[in-house]
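All chains are named by letter (A, B, ...) in the order of the sequence lines, taking the proteins before the strands, and each is independently numbered beginning at 1.
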Amino acid sequence: AQTVTQSQPEMSVQEAETVTLSCTYDTSESDYYLFWYKQPPSRQMILVIRQEAYKQQNATENRFSVNFQKAAKSFSLKISDSQLGDAAMYFCATMNRDDKIIFGKGTRLHILP
Amino acid sequence: DTAVSQTPKYLVTQMGNDKSIKCEQNLGHDTMYWYKQDSKKFLKIMFSYNNKELIINETVPNRFSPKSPDKAHLNLHINSLELGDSAVYFCASSQPGSRENEQFFGPGTRLTVL
(Lines give C-alpha, C1' and ligand atoms only; values in the text may rest on other atoms or scores of the structure.)
Protein backbone atom coordinates (compact mmCIF):
# COMPACT_ATOMS: atom_id res chain seq x y z
CA ALA A 1 0.00 0.00 0.00
CA GLN A 2 1.12 3.53 -0.69
CA THR A 3 1.66 5.86 2.21
CA VAL A 4 2.83 9.46 2.40
CA THR A 5 4.21 10.99 5.57
CA GLN A 6 4.67 14.66 6.28
CA SER A 7 6.24 14.85 9.70
CA GLN A 8 5.93 18.62 10.13
CA PRO A 9 2.33 19.68 10.87
CA GLU A 10 3.36 23.36 10.94
CA MET A 11 6.34 25.43 9.98
CA SER A 12 7.23 29.11 9.99
CA VAL A 13 9.73 31.01 7.94
CA GLN A 14 10.77 34.63 7.75
CA GLU A 15 9.84 36.43 4.56
CA ALA A 16 12.63 36.21 1.95
CA GLU A 17 14.20 33.23 3.70
CA THR A 18 14.33 29.64 2.50
CA VAL A 19 12.28 26.81 3.96
CA THR A 20 12.23 23.07 3.32
CA LEU A 21 9.15 20.91 3.82
CA SER A 22 9.83 17.24 4.27
CA CYS A 23 7.97 14.28 2.83
CA THR A 24 8.65 10.58 2.85
CA TYR A 25 6.61 7.96 1.08
CA ASP A 26 6.33 4.25 0.65
CA THR A 27 5.30 2.47 -2.50
CA SER A 28 5.87 -0.89 -4.12
CA GLU A 29 5.48 0.61 -7.57
CA SER A 30 8.48 1.13 -9.78
CA ASP A 31 6.79 3.77 -11.89
CA TYR A 32 5.08 6.60 -10.06
CA TYR A 33 4.77 10.34 -9.79
CA LEU A 34 5.29 12.70 -6.90
CA PHE A 35 3.58 16.03 -6.37
CA TRP A 36 3.45 18.98 -4.06
CA TYR A 37 0.10 20.73 -3.89
CA LYS A 38 -0.59 24.06 -2.22
CA GLN A 39 -3.89 24.87 -0.57
CA PRO A 40 -4.21 28.55 0.40
CA PRO A 41 -7.00 29.82 2.65
CA SER A 42 -9.18 30.12 -0.44
CA ARG A 43 -9.19 26.29 -0.34
CA GLN A 44 -8.22 25.82 -3.99
CA MET A 45 -5.78 22.97 -4.57
CA ILE A 46 -2.93 24.20 -6.73
CA LEU A 47 -0.17 22.06 -8.16
CA VAL A 48 3.21 23.46 -7.16
CA ILE A 49 5.61 20.97 -8.65
CA ARG A 50 5.72 17.41 -9.97
CA GLN A 51 8.45 14.79 -10.32
CA GLU A 52 8.50 11.60 -12.36
CA ALA A 53 10.13 8.85 -10.34
CA TYR A 54 12.19 7.64 -13.29
CA LYS A 55 13.86 11.04 -13.63
CA GLN A 56 16.95 11.56 -11.54
CA GLN A 57 17.05 15.29 -12.05
CA ASN A 58 15.25 17.27 -9.38
CA ALA A 59 12.28 19.27 -10.62
CA THR A 60 12.37 23.06 -10.35
CA GLU A 61 9.65 25.65 -10.81
CA ASN A 62 10.86 29.20 -10.21
CA ARG A 63 11.33 29.54 -6.43
CA PHE A 64 10.20 25.98 -5.79
CA SER A 65 12.48 22.98 -6.08
CA VAL A 66 12.51 19.45 -4.79
CA ASN A 67 15.14 17.18 -3.36
CA PHE A 68 14.14 13.76 -4.64
CA GLN A 69 15.99 10.87 -3.03
CA LYS A 70 14.49 7.77 -4.62
CA ALA A 71 16.41 5.21 -2.59
CA ALA A 72 15.43 6.92 0.64
CA LYS A 73 11.88 7.55 -0.66
CA SER A 74 12.16 11.17 0.26
CA PHE A 75 10.66 14.11 -1.62
CA SER A 76 11.23 17.42 0.12
CA LEU A 77 10.10 20.81 -1.15
CA LYS A 78 12.34 23.83 -0.92
CA ILE A 79 10.85 27.30 -1.18
CA SER A 80 13.39 30.04 -1.79
CA ASP A 81 12.85 33.74 -1.15
CA SER A 82 9.60 33.03 0.74
CA GLN A 83 6.76 35.43 0.07
CA LEU A 84 3.64 36.21 2.07
CA GLY A 85 1.56 34.59 -0.65
CA ASP A 86 3.30 31.29 0.00
CA ALA A 87 1.40 30.91 3.27
CA ALA A 88 -0.79 27.84 2.84
CA MET A 89 -1.18 24.15 3.56
CA TYR A 90 1.24 22.09 1.50
CA PHE A 91 0.42 18.52 0.61
CA CYS A 92 2.87 15.95 -0.64
CA ALA A 93 1.33 13.23 -2.80
CA THR A 94 2.21 10.13 -4.79
CA MET A 95 0.42 8.69 -7.77
CA ASN A 96 0.89 5.24 -9.25
CA ARG A 97 -0.05 3.83 -12.62
CA ASP A 98 -3.71 3.56 -11.59
CA ASP A 99 -3.80 7.35 -11.25
CA LYS A 100 -4.66 6.95 -7.59
CA ILE A 101 -3.26 9.84 -5.60
CA ILE A 102 -2.36 9.37 -1.96
CA PHE A 103 -1.89 12.58 -0.02
CA GLY A 104 0.09 13.27 3.11
CA LYS A 105 -1.59 15.01 6.02
CA GLY A 106 -0.18 18.37 5.05
CA THR A 107 2.16 20.97 6.48
CA ARG A 108 0.84 24.40 7.34
CA LEU A 109 3.38 27.02 6.34
CA HIS A 110 3.38 30.44 8.00
CA ILE A 111 5.32 33.33 6.50
CA LEU A 112 6.51 35.86 9.05
CA PRO A 113 6.81 39.44 7.77
CA ASP B 1 -12.07 29.75 -18.19
CA THR B 2 -12.96 27.43 -15.37
CA ALA B 3 -11.32 24.05 -15.84
CA VAL B 4 -13.05 22.07 -13.07
CA SER B 5 -16.18 23.53 -11.54
CA GLN B 6 -18.31 22.36 -8.64
CA THR B 7 -21.74 23.41 -7.48
CA PRO B 8 -22.72 24.38 -4.94
CA LYS B 9 -19.75 25.95 -3.22
CA TYR B 10 -21.45 25.74 0.16
CA LEU B 11 -24.14 23.33 1.25
CA VAL B 12 -25.83 23.38 4.64
CA THR B 13 -28.44 20.74 5.32
CA GLN B 14 -30.14 18.72 8.00
CA MET B 15 -29.20 15.24 9.06
CA GLY B 16 -31.13 12.60 7.14
CA ASN B 17 -31.52 14.63 3.96
CA ASP B 18 -30.34 13.58 0.50
CA LYS B 19 -28.12 15.98 -1.42
CA SER B 20 -26.04 16.13 -4.58
CA ILE B 21 -22.87 17.93 -5.53
CA LYS B 22 -22.18 18.48 -9.20
CA CYS B 23 -18.83 18.52 -10.93
CA GLU B 24 -17.98 19.44 -14.48
CA GLN B 25 -14.66 19.67 -16.30
CA ASN B 26 -14.03 21.29 -19.66
CA LEU B 27 -10.52 19.94 -20.11
CA GLY B 28 -11.50 16.94 -22.17
CA HIS B 29 -10.07 14.61 -19.54
CA ASP B 30 -11.10 10.98 -19.37
CA THR B 31 -10.75 10.52 -15.61
CA MET B 32 -12.54 12.28 -12.78
CA TYR B 33 -12.27 11.91 -9.01
CA TRP B 34 -13.98 12.78 -5.76
CA TYR B 35 -11.97 13.52 -2.63
CA LYS B 36 -13.08 14.25 0.91
CA GLN B 37 -11.12 16.65 3.09
CA ASP B 38 -11.87 16.31 6.76
CA SER B 39 -11.66 18.94 9.49
CA LYS B 40 -7.98 18.16 9.96
CA LYS B 41 -7.33 18.90 6.28
CA PHE B 42 -6.64 15.28 5.43
CA LEU B 43 -7.53 14.60 1.78
CA LYS B 44 -8.68 11.13 0.89
CA ILE B 45 -9.83 9.76 -2.42
CA MET B 46 -13.38 8.41 -2.55
CA PHE B 47 -14.04 7.51 -6.17
CA SER B 48 -12.46 7.62 -9.57
CA TYR B 49 -14.20 7.28 -12.93
CA ASN B 50 -12.51 6.73 -16.27
CA ASN B 51 -14.72 7.52 -19.23
CA LYS B 52 -17.88 6.98 -17.19
CA GLU B 53 -16.67 3.72 -15.66
CA LEU B 54 -15.91 3.30 -11.97
CA ILE B 55 -12.19 2.65 -11.46
CA ILE B 56 -11.51 3.40 -7.82
CA ASN B 57 -14.03 2.90 -5.04
CA GLU B 58 -12.49 3.32 -1.63
CA THR B 59 -14.21 2.19 1.54
CA VAL B 60 -16.96 4.73 1.33
CA PRO B 61 -20.45 4.11 2.82
CA ASN B 62 -23.12 3.00 0.37
CA ARG B 63 -24.92 6.26 1.06
CA PHE B 64 -22.43 7.87 -1.31
CA SER B 65 -23.13 7.20 -4.95
CA PRO B 66 -21.21 8.83 -7.79
CA LYS B 67 -22.95 9.27 -11.09
CA SER B 68 -21.24 10.04 -14.38
CA PRO B 69 -23.71 10.92 -17.15
CA ASP B 70 -20.82 11.65 -19.50
CA LYS B 71 -17.07 11.91 -19.17
CA ALA B 72 -17.22 15.64 -18.48
CA HIS B 73 -19.43 15.24 -15.42
CA LEU B 74 -19.10 13.33 -12.18
CA ASN B 75 -21.80 14.09 -9.64
CA LEU B 76 -21.80 12.92 -6.05
CA HIS B 77 -25.09 11.97 -4.47
CA ILE B 78 -25.30 11.44 -0.73
CA ASN B 79 -28.29 9.78 0.92
CA SER B 80 -29.32 10.03 4.55
CA LEU B 81 -26.71 12.60 5.45
CA GLU B 82 -24.92 12.17 8.80
CA LEU B 83 -23.03 14.62 10.96
CA GLY B 84 -19.75 12.92 10.05
CA ASP B 85 -20.31 13.73 6.40
CA SER B 86 -19.50 17.37 7.11
CA ALA B 87 -16.34 18.10 5.15
CA VAL B 88 -15.03 19.77 2.05
CA TYR B 89 -15.48 17.67 -1.06
CA PHE B 90 -13.17 18.15 -4.01
CA CYS B 91 -13.68 17.03 -7.54
CA ALA B 92 -10.66 16.58 -9.79
CA SER B 93 -9.85 15.42 -13.30
CA SER B 94 -6.83 14.16 -15.19
CA GLN B 95 -5.85 12.67 -18.49
CA PRO B 96 -4.25 9.26 -17.91
CA GLY B 97 -1.17 8.63 -19.96
CA SER B 98 -0.51 12.30 -20.48
CA ARG B 99 3.01 13.50 -19.95
CA GLU B 100 1.99 15.75 -17.10
CA ASN B 101 -0.33 13.30 -15.34
CA GLU B 102 -1.51 16.18 -13.21
CA GLN B 103 -4.85 16.22 -11.45
CA PHE B 104 -6.78 19.48 -11.73
CA PHE B 105 -8.95 20.24 -8.75
CA GLY B 106 -12.25 22.05 -8.49
CA PRO B 107 -12.77 24.78 -5.89
CA GLY B 108 -14.34 22.43 -3.37
CA THR B 109 -17.78 22.20 -1.81
CA ARG B 110 -18.09 22.74 1.91
CA LEU B 111 -20.83 20.48 3.21
CA THR B 112 -22.19 21.16 6.68
CA VAL B 113 -24.65 18.70 8.16
CA LEU B 114 -26.63 20.00 11.14
Sequence-distant partners of A:Gln56, side chain to side chain donor-acceptor pair (under 3.5 Å), two or more places apart: none
B:His73 side chain near B:Asp70 side chain, heavy-atom distance below 4.5 Å: yes
A:Lys70, NZ atom: more than 12 neighbouring heavy atoms under 6.0 Å: yes
A:Phe35 and A:Tyr33 aromatic ring geometry - parallel, tilted or perpendicular at 30°/60° bounds: parallel
All side chain to side chain donor-acceptor pair (under 3.5 Å) counterparts of A:His110, not counting sequence neighbours: A:Glu10
Pairing residues for A:Asp81 by the salt bridge (Lys or Arg N to Asp or Glu O under 4.0 Å) criterion, not counting sequence neighbours: none
Geometric class of the A:Trp36/A:Phe75 ring pair [parallel <30°, tilted 30-60°, perpendicular >60°]: parallel
Partner chain B: residue of A:Ile46, A:Leu47, A:Ile102 with the largest heavy-atom pair count (under 4.5 Å): A:Leu47
Chain A neighbours within residues 105-114 of chain B, where any heavy atom lies under 4.5 Å away: B:Phe105, B:Gly106, B:Pro107, B:Gly108, B:Thr109, B:Arg110
Side chain / backbone / both / neither for A:Met45 at chain B, heavy atoms under 4.5 Å: both
